[in-house]
**Student:** 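Sharing a structure here in structure tokens format.
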Amino acid sequence: MPVDPTRAALVTREHQYSIYQDTSVLSRWPNSQPIVLDTNLDATAGDALASATFAASSAGAKVFQVTVEGGAFLEDFADSPPRFTVYFDNHPAAGSGNTYTVIGVQIDPLADRTIYTVRG
């Protein structure tokens, strides 16, 4: 199968960056750190991802860790990050019935448990 020369030139390039920057954030929080996502996207898709990531991180959100008995599998993350509707009965600050997106996971097959870091 022949390789598209444009795609070959893109992926063999040493570094390519897409930067989305909001100066109001930097003026308000001068020590804020950049969010870096390493991908093999082209410039258009990189710009779209940078914009979406900025929008998601700019909105106020809560982050929690949830321990679930039973192991997760890597196939659970094949299409997109899983989303859960979580009920924190003992923690009303988390909200009741809010939907959270998984942003991190620790799978412990020996203990048969999974620790999800969720944001929403």
**Student:** Can you sort out the partners of Ser24 under side-chain hydrogen bond (donor to acceptor under 3.5 Å, both in side chains), two or more places apart, ordered by chain and number?
**Tutor:**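 Checked Ser24 against side-chain hydrogen bond (donor to acceptor under 3.5 Å, both in side chains); matches are Asp22.
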
**Student:** Identify, with sequence neighbours excluded, every residue that meets side chain to side chain contact (heavy atoms under 4.5 Å, CB included) alongside Leu49.
**Tutor:**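 With neighbours one apart ignored, the set is Leu37, Thr39, Leu41, Thr53.
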
**Student:** Which residues satisfy the side-chain hydrogen bond (donor to acceptor under 3.5 Å, both in side chains) test with Thr117, sequence neighbours excluded?
**Tutor:**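 Thr117: side-chain hydrogen bond (donor to acceptor under 3.5 Å, both in side chains) contacts with Gln65.
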
**Student:** The criterion is side chain to side chain contact (heavy atoms under 4.5 Å, CB included); which residues satisfy it with Asp4, sequence neighbours excluded?
**Tutor:**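 With neighbours one apart ignored, the set is Thr6, Arg7.
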
**Student:** Which donor-acceptor pairs under 3.5 Å do side chains of residues 108-116 form with protein atoms, sequence neighbours excluded?
**Tutor:**
{"unit_1": "Asp108", "atom_1": "OD1", "unit_2": "Leu110", "atom_2": "N", "d": "3.3"}
{"unit_1": "Asp108", "atom_1": "OD1", "unit_2": "Ala111", "atom_2": "N", "d": "3.2"}
{"unit_1": "Asp112", "atom_1": "OD1", "unit_2": "Gly71", "atom_2": "N", "d": "3.1"}
{"unit_1": "Thr114", "atom_1": "OG1", "unit_2": "Gly70", "atom_2": "O", "d": "3.1"}
{"unit_1": "Thr114", "atom_1": "OG1", "unit_2": "Ala72", "atom_2": "N", "d": "2.9"}

